[in-house]
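Before any comments, here is the structure.
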Amino acid sequence: MAEQHRPTFLIRPCFQQDLEQVQLIYAHHVTTGTGTFEHDPPPLAEMEARWTRVVSHGWPFIVASPTRDLTRVLGFAYAQQFREREGYAKTFEDSVYVAPSAMGQGVGKALLQDLLRQLQDDGVREVLGVIGDSANAASIRLHETLGFRRVGVMQNVGRKFNRWLDVVIMQRSLAQS
Ligand SMILES: CC(C)(COP(=O)(O)OP(=O)(O)OC[C@H]1O[C@@H](n2cnc3c(N)ncnc32)[C@H](O)[C@@H]1OP(=O)(O)O)[C@@H](O)C(=O)NCCC(=O)NCCS
């Protein structure tokens, strides 16, 4: 029987030197997919600004790296407060992006799982997945498999590639009642 080669990776914090690869992964999804409604890939300086905003708040920004080469980035995830007003302080939104060559191998699930663990440790109560495109089966399944439930669909609120696109809202409670 042929030996099964499963990629082994670990989840670690995202450092500044990872951002070049983070930018490339995100740029791929901006230019080819509907998971994000950005039309033009943000340059590295803008990705650095986003990363700085997240980490300076103490919010999680993590990457997955192959255990054999910790300088490589297979995917990244971060969380930010859903809206800035004080009342939203315990409600966060997640973002997860995996390199095309690493998709479908459990990287996205491991990233989101780790993000949820960190958010729970930080006392966050509710986590929202705000998913571009109701046809985004991978992201919807990723969230379902980690206990998110679909709480709403905003119809035709985005436009990309000459199509009107829905946004699916999924929610997972971390509250320990
Ligand atoms: C969505 C995304 C992050 C998922 O990451 P991934 O590493 O490919 O997913 P995983 O291999 O960890 O799979 C997670 C779950 O989704 C399922 N899944 C993965 N790809 C799928 C697909 N194309 N269609 C349906 N289900 C899929 C897996 O079977 C798994 O479910 P299971 O635990 O029930 O078996 C990744 O596909 C991606 O980067 N997509 C483009 C960007 C995007 O839309 N990001 C989300 C923005 S909200």
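Ligands are counted one by one from 1 in listed order, and the atoms in each one are counted from 1 as well. Worth knowing before you read on, the calculation uses all heavy atoms, side chains too, and leaves out hydrogens, waters and symmetry mates. Quick caveat, the model's predicted, so the values are computed rather than measured.
Side chains of Gln118 and Asp114 form a contact here, defined as non-hydrogen atoms less than 4.5 Å apart. Taking the side chain as every heavy atom from C-beta outward, Leu74 and Met103 never approach each other to under 4.5 Å.
Within the set Arg141, Met170, Met103, the minimum heavy-atom distance to atom 16 (O) of ligand 1 is found for Arg141.
Contacts between His29 and ligand 1, counted as non-hydrogen atom pairs separated by less than 4.0 Å, involve the side chain only. Contacts between Val96 and ligand 1, counted as non-hydrogen atom pairs separated by less than 4.0 Å, involve both the backbone and the side chain. For Asn136, every heavy-atom contact with ligand 1 shorter than 4.0 Å involves the side chain, none the backbone. With a heavy-atom cut-off of 4.0 Å, Glu144 does not touch ligand 1 at all.
Counting protein heavy atoms under 4.0 angstrom from atom 6 (P) of ligand 1 gives one or more. Put simply, atom 29 (O) of ligand 1 has no protein non-hydrogen atoms near it, under 4.0 Å away. In this structure, atom 26 (N) of ligand 1 has protein heavy atoms in its sub-4.0 angstrom surroundings.
In this structure, the side chain of Lys160 engages the main chain of Val30 through a donor-acceptor pair within 3.5 Å. For the pair Asp133 (side chain) and Ala135 (backbone), a donor-acceptor distance under 3.5 Å is present.
In terms of polar-atom proximity, defined here as any N/O pair under 3.5 Å, Gly106 does make such a contact with ligand 1.
From the protein, the heavy atom lying nearest to atom 2 (C) of ligand 1 is Leu142 CD2, 4.3 Å.
Contact analysis leaves Gly129 out of contact with ligand 1, as no non-hydrogen atom separation drops below 4.0 angstrom.
Under a 4.0 Å criterion applied to the non-hydrogen atoms of Lys109, ligand 1 contributes the atoms 12 (O), 33 (O). Applying the 4.0 Å criterion to heavy atoms of Gly104 picks out, from ligand 1, the atoms 6 (P), 7 (O), 8 (O), 11 (O).
Residues Asp94 and Arg172 are not paired through a salt bridge, judged by the lack of any N-O separation under 4.0 Å between the basic side chain and the carboxylate.
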